[in-house]
Amino acid sequence: MNLVIAPCWNAPEWDAAVNRLNGHPQQLWGWGQTKADHGWRTDRLLLNRDGETIACAQILIRRLPLPFRALVYIPRGPVCNAGDAQEVLEALGNYARDAYAGTVLSIEPDWDADSDFSGAVRSAGFRATENTILIPRTLILDLSCTEDELLAGMSKKHRQYIRKSAREELEFREVTREEIPDCLTVYRETAERAGFGIHEDGYYLDIHQNLGAASPVYAAFQGRTMVAFLWLSASDHTAFELYGGMTEEGERLRANYALKWLAIREMKERGVERYDFNGLLNDGVSKFKMGWAKHENLLMGTWDKPLSPLYPVYATAMPLARRGISAARGAVGTLRTKAMPALRNKALPALRDKALPALKSKVASLRGGRGQAPTRQD
């Protein structure tokens, strides 16, 4: 029997399907709602066979500049078994072409590169692309292991620093909604030091609001001062690191070691099966991540299903556009973290204390013909 595609409009029903099929947290309702609040259109599709839901796909749609039409994107999905993947992907490709007039359907499945799922993707007419959004090279911990087994898989230095930071006068715990702005203050400081761009605060506040308990945030406190934080999203099956940052004092105290270990143990306590560190690059942050296990994971990466004759042009233009957007975001971050404080702390006081009085004096001179302001006449 052919698959029947049915939109889903009910958040609890949707999340129940994602979790039953061992889906990724970026397929949860709250993540899609956040993207809908910030420039994307979000659709949620259940794929049914003989009255049973065998797959689901949270689809993000963004209009593209002319002559292109729309980018149709499924982050860490679709959610289905490998045996159903080809049929599911063919159905979704046809749906995306007809419903969204898309130029391309891009998927980033939460499956290993050497899994049976990759063969189904090729058979469904998808092709690998370097236009990635989520990094395929990552580290995923198996949380069915015991804590002793997880510790044994770490580097010796990581075990030492976990013990060291745990001995410091620090408190490690989940943060409240009211403390999220403190996390964002630490994140801005981290972004300034490391030189990367970030979103406006409202984006992160919406993530926390929309995902709720599926987006826990943990932090290290020195007294009342937050010195490090780690922000996750989590389905019943997978925990996924979103954001993190430290102050210089938090870095000195190695607070991120005991903090991440707390997050891992908390996810294990929830019954989550996988802990995804969200990407490995050749940088200092990735070196820190790689110390948590002796292995790496390589997911399938990004695959495109061309939906329009314009796809070859899109595939060439998209990397250039994304680099431009990334550079612009970095420039905005620099403006916010460096230029605006300088303007507020130096330029504006100088304007208020020197330039404006001088201008007033000059105006008074021009009006009164002398070097003093005219006397008020009541």
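Residue numbers run from 1 in the order of the sequence given. Worth saying up front: this structure is predicted, and the values here are computed from it rather than measured. Side-chain atoms are counted along with the backbone in the values below, which use heavy atoms only and exclude waters and symmetry mates.
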Can you tell me how far OH of Tyr161 sits from CE of Met154, rounded to the nearest 0.5 angstrom? 15.0 Å
Say whether Asp148 and Thr146, considering side chains only, have a donor N or O and an acceptor N or O under 3.5 Å apart. no
Please check if the side chain of Gln27 supplies one atom and the backbone of His24 the other of a donor-acceptor pair under 3.5 Å. no
Could you give me the CA-CA distance, side-chain angles and deciding distance for Lys268 and Glu147, then say whether salt bridge (charged side-chain N to carboxylate O under 4.0 Å, His left out) is met? CA-CA 9 Å; Lys268 181 176 172 59; Glu147 289 189 14; over 6 Å; no
If you define the side chain from C-beta out and look only at heavy atoms, does anything of Ser106 sit under 4.5 Å from Leu71? yes
Are Val72 and Leu89 connected into the same hydrophobic cluster when the rule is that any two of I, L, V, M, F, W, Y join if their side-chain heavy atoms are below 4.5 Å apart? yes
Donor + acceptor pair across side chains of Asn210, Thr34 (<3.5 Å): yes
Here the gap from Leu64 atom CG to Ser308 atom OG, rounded to the nearest 0.5 Å, amounts to 10.0 Å
Would you call Tyr204 and Leu242 a side-chain contact if the rule is heavy atoms closer than 4.5 Å? no
Note, Ile140 side chain near Leu299 side chain (heavy atom, < 4.5 Å): yes
State whether the side chain of Ser235 and the backbone N or O of Gly23 hold a donor-acceptor pair below 3.5 Å, judged by distance alone. yes
Least distance between heavy atoms, Ala234 atom then Met267 atom: CB-SD, 3.9 Å
When you look at His38 and His199, which way does the side-chain contact (heavy atoms from CB on, under 4.5 Å) test go after all the steps? CA-CA 11 Å; His38 293 270; His199 294 279; over 6 Å; no
If you count heavy atoms of other groups shown closer than 6.0 angstrom to CD of Glu174, is the number above 12? yes
Is Gln58 reaching over with its side chain to a backbone N or O of Thr42, donor-acceptor style, under 3.5 angstrom? no
To the nearest 0.5 Å, what is the distance between CG on Leu46 and CD on Glu13? 6.0 Å
Distance-only, no hydrogens or angles: does the Asp142 side chain make a donor-acceptor pair with backbone N or O of Ser144 under 3.5 Å? yes
Strictly distance-based, threshold 3.5 Å: is any side-chain N or O of Thr190 a donor or acceptor partner for the main-chain N or O of Met246? yes
Pair Arg127-Tyr311, side-chain contact (heavy atoms from CB on, under 4.5 Å): steps then yes or no: CA-CA 12 Å; Arg127 60 185 70 176; Tyr311 172 78; 3.8 Å; yes
Check whether the side chains of Glu108 and Tyr73 place a donor and an acceptor atom closer than 3.5 Å, and report yes or no. yes
Residue set satisfying side-chain hydrogen bond (donor to acceptor under 3.5 Å, both in side chains) with Thr247, at least two apart, ordered chain then number -> none
Can you say whether the rings of Phe196 and Tyr187 are parallel (under 30°), tilted (30 to 60°) or perpendicular (over 60°)? tilted
Closest non-hydrogen atoms of Ala258 and Ala166, given as atom of the first, atom of the second and distance, are CB-N, 4.0 Å
Could you check whether any side-chain N or O of Thr129 sits under 3.5 Å from a backbone N or O of Asp304, counting only pairs where one atom can act as donor and the other as acceptor? no
If hydrophobic clusters are built by linking Ile, Leu, Val, Met, Phe, Trp and Tyr wherever their side-chain heavy atoms come under 4.5 Å apart, do Phe229 and Leu253 end up in the same one? no
State yes or no: do Trp29 and Val272 share one hydrophobic cluster built from I, L, V, M, F, W and Y residues joined by side-chain heavy-atom distances below 4.5 Å, directly or via other members? no
Can you pull out every salt bridge (Lys or Arg N to Asp or Glu O under 4.0 Å) where at least one residue sits in residues 29-45? Sequence neighbours excluded, please. Arg41-Asp43
Which distance, rounded to the nearest 0.5 Å, do you find between the CG of Leu21 and the NE2 of His237? 11.0 Å
Distance in Å, Thr103 OG1 paired with Tyr314 OH, rounded so as to fall on 0.5 Å steps: 8.0 Å
Taking everything shown except Asp116 itself, do over 12 heavy atoms lie less than 6.0 Å from its CG? no
Test log, rule side-chain contact (heavy atoms from CB on, under 4.5 Å), inputs Phe68 and Val313: CA-CA 9 Å; Phe68 307 114; Val313 182; 3.8 Å; yes
Taking every heavy atom of Leu259 against every heavy atom of Phe172, the minimum-distance pair comes out as N-CE2, 3.7 Å
Between Arg252 and Glu249, is the closest basic N to carboxylate O distance under 4.0 Å? yes
Please examine the side chains of Arg167 and Arg163, heavy atoms only from C-beta on, and report whether any two atoms are closer than 4.5 Å. yes
Tell me whether Arg69 contacts the main-chain N or O of Gly102 through its side chain, where contact means a donor paired with an acceptor under 3.5 Å. yes
Return yes if some donor-acceptor pair links the side-chain N/O of Asn48 with the main-chain N/O of Gly51 below 3.5 Å, else return no. no
For Ala70 and Ile61, the nearest pair of non-hydrogen atoms, with its separation, is CB-CG2, 4.0 Å
Just so I know, are the side chains of Phe221 and Glu179 near enough to count as touching, which here means a heavy-atom distance under 4.5 Å? yes
Atom pair CG (Leu3) and OG1 (Thr53), whose distance is rounded to the nearest 0.5 Å: 10.5 Å
Taking the side chain as C-beta and beyond, is there a heavy-atom pair between Ser233 and Leu28 under 4.5 Å? no
Any donor-acceptor pair under 3.5 Å from Ser286 side chain to Leu281 backbone: yes
Which of parallel (below 30°), tilted (30 to 60°) and perpendicular (above 60°) describes His158 and Phe288? parallel
Shared hydrophobic cluster for Leu211 and Leu205 (ILVMFWY, side-chain gaps under 4.5 Å): yes
Closest approach of Ala255 and Leu170, non-hydrogen atoms and distance? CB-CD1, 4.0 Å
Residue of the set Leu134, Ile133, Thr132 for which side-chain contact (heavy atoms from CB on, under 4.5 Å) holds with Thr302: Thr132
Between Ala91 and Ile5, what is the shortest heavy-atom contact and its length? O-CD1, 3.8 Å
Heavy-atom distance under 4.5 Å between the side chains of Leu92 and Pro78, does that happen here? yes
Report yes if the distance between the aromatic ring centroids of Trp303 and Phe126 is under 6.0 Å, otherwise no. no
Quick one: are Tyr218 and Leu232 in side-chain contact, heavy atoms under 4.5 Å? yes
For the pair Glu168 and Lys164, evaluate salt bridge (charged side-chain N to carboxylate O under 4.0 Å, His left out) and give the outcome as yes or no after the intermediate values. CA-CA 7 Å; Glu168 301 288 350; Lys164 178 183 184 302; 3.2 Å; yes
Evaluation steps, side-chain contact (heavy atoms from CB on, under 4.5 Å), between Ile54 and Asn81: CA-CA 8 Å; Ile54 66 160; Asn81 295 323; over 6 Å; no
Residue pair Trp231 / Ser215, side-chain donor-acceptor N/O under 3.5 Å: yes
Linking I/L/V/M/F/W/Y whenever their side-chain heavy atoms sit closer than 4.5 Å, directly or via other members, would Phe277 and Tyr243 fall into one cluster? no
For Ala124, does its backbone N or O pair with a side-chain atom of Lys305 as donor and acceptor, under 3.5 Å? yes
